[in-house]
Q: 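Pasting in a structure now, in structure tokens, and then I'll have a few things to ask.
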Amino acid sequence: MQRGQITKALSGFYYVTDESNTIYQTRARGVFRKQNLTPLVGDYVEFESGNISEGIIQNLLERKNELTRPQVANVDVGIVIMSAVDPDFSTQLLDRFLVMLESKHIEPVIFITKMDKLTEDQRQEIVAYQAEYVAIGYQIILTEKTVEMKKKQVEQIFKEQFGGKLIVFIGQSGAGKSTLLNVIDSSLALKTGETSKSLGRGKHTTRHVELIPLMDSLIADTPGFSSLNFDDIEQEELTEYFPEMWARRGECKFSGCIHLEEPKCAVKKAVEDQVIPKYRYDHYLLFLEEIRNRKPRYKKKGAF
Ligand SMILES: Nc1nc2c(ncn2[C@@H]2O[C@H](COP(=O)(O)OP(=O)(O)O)[C@@H](O)[C@H]2O)c(=O)[nH]1
Ligand SMILES: [Mg+2]
Ligand SMILES: [Zn+2]
């Protein structure tokens, strides 16, 4: 039996890349469908093949996570692209992305683009936010001004941190995702995100998922998280996805404290003492409200 990772899915074929970077065209065993298992791009698999154009996937190995858009499994790093202006920097949007990544156990790395467009005062504002996110434990990188400097900066981070990792790019439209990818590899931007739609992939866009080698990493060729609700998150677990709150859980009087009305809550105290920024707590409350107000999900027929 051979081992590899699915790096592309197209028209019922799965393209599996093995350790020596050979790509095998394979199909999934029929039994997967019966078991309601769908192989995903990013899955590690065991397969058998006589030659590179005919293989059968025999086993799917355990996944550490999966995203629905793009449909990818085993994502290691989520690169969150936020613009400083045009559109304006939003801690609320950033926190939304961070909570989603935390809930999937994907490591977030934040890049702030368009720093070159800022006045000195605006720059200081972003630097202050940076310090607050660094204090939580997040890596937040302010992109350099020129293309050459950006290239050097981003390539160094890829080299030092992202070797062998599966990466998705995340960020609202206009944030600068394509631009940043383009800085590293100008052939990539064409294959990525919005651009691919305008190239007329049409109906295939949702079916076709591909991992593209970038330096020593693989990136998913569509941006992540097109829907930004918290459908998969329960209210009791939300606090886990705010690391600075989760770290204080032992100091709250009540175990299972969700930092609302409970007395002697260490999180509310930290907010009062301005150790936790007020906006982080406000976003926590906002997201909690969204989770509480979401329509009840009815269990599927046959489920129990
Ligand atoms: N001045 C400046 N403009 C940028 C920067 N990054 C992106 N842009 C511009 O912002 C617009 C949107 O960028 P794009 O990469 O298409 O965003 P995407 O939708 O996230 O892929 C384009 O006009 C880019 O030229 C930056 O660092 N500085
Ligand atoms: Mg784009
Ligand atoms: Zn509490």
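Both counts, for ligands and for their atoms, begin at 1 and track the order of listing.
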Q: In H259, what N, O or S atom is nearest to the Zn ion (ligand 3), if we give its atom name?
A: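 Within H259, restricted to N, O or S, the Zn ion (ligand 3) is closest to atom ND1.
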
Q: Number the atoms of ligand 1 from 1 as they appear, then name those within less than 4.0 Å of a heavy atom of S173, with their elements.
A: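 So the answer, numbered in order with elements, is 19 (O).
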
Q: Is G174 near ligand 1, meaning one of its heavy atoms is under 4.0 Å from it?
A: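 For ligand 1, residue contact (heavy atoms, under 4.0 Å) with G174 is present.
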
Q: With under 30° as parallel and over 60° as perpendicular, where do the rings of F13 and Y15 fit, or are they tilted in between?
A: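 Ring orientation of F13 relative to Y15: tilted.
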
Q: What are the two closest non-hydrogen atoms of G55 and S49, and how far apart are they?
A: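 Of all heavy-atom pairs spanning G55 and S49, the closest is CA-CB, 3.7 Å.
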
Q: Could you check whether the rings of Y284 and F242 sit parallel, tilted or perpendicular, using 30° and 60° as the cut-offs?
A: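 It falls in the perpendicular class, over 60°.
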
Q: Does ligand 1 have a heavy atom under 4.0 Å from the side chain of T179, from its backbone, from both, or from neither?
A: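 Both backbone and side chain of T179 come within 4.0 Å of ligand 1.
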
Q: Where the Zn ion (ligand 3) is the centre, what is the SG-to-SG angle for C252 and C265, rounded to 10°?
A: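 Once rounded, the angle between the two atoms at the Zn ion (ligand 3) is 110°.
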
Q: With a 3.5 Å cut-off and no angle check, do the side chains of Y133 and D95 form a donor-acceptor pair?
A: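 The criterion, which ignores hydrogens and geometry beyond distance, is satisfied for D95 and Y133.
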
Q: Grab the two heavy atoms, one from K177 and one from Q172, that are nearest each other, plus how far apart they are.
A: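 Result for this residue pair: NZ-O, 2.9 Å.
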
Q: Would you say the Mg ion (ligand 2) has S178 as a near neighbour, meaning an N/O/S atom of that residue under 2.8 Å away?
A: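 Checking the Mg ion (ligand 2) against S178, an N, O or S atom does fall under 2.8 Å.
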
Q: Charged N to carboxylate O below 4.0 Å: is that the case for K114 and D86?
A: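 Judged by the 4.0 Å cut-off on N to carboxylate O distance, K114 and D86 do not form a salt bridge.
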
Q: Just heavy atoms, cut-off under 4.0 Å: does K177 contact ligand 1 by side chain, backbone, both, or neither?
A: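 Both backbone and side chain.
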
Q: For ligand 1 and K117, I'd like to know whether there is a polar contact (N/O to N/O, distance under 3.5 Å).
A: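 N/O-N/O distance under 3.5 Å: no.
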
Q: Hey, looking at atom 27 (O) of ligand 1, which of M115, Q172, K150 has the closest heavy atom?
A: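 Among M115, Q172, K150, the closest heavy atom to atom 27 (O) of ligand 1 comes from K150.
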
Q: Can you tell which of L101, L93, I112 makes a side chain to side chain contact (heavy atoms under 4.5 Å, CB included) with V80?
A: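 Of all the options given, the one that passes is L101.
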
Q: Out of L118, T113, D116, indicate the one that has the non-hydrogen atom closest to atom 2 (C) of ligand 1.
A: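 Of the listed residues, D116 has the closest heavy atom.
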
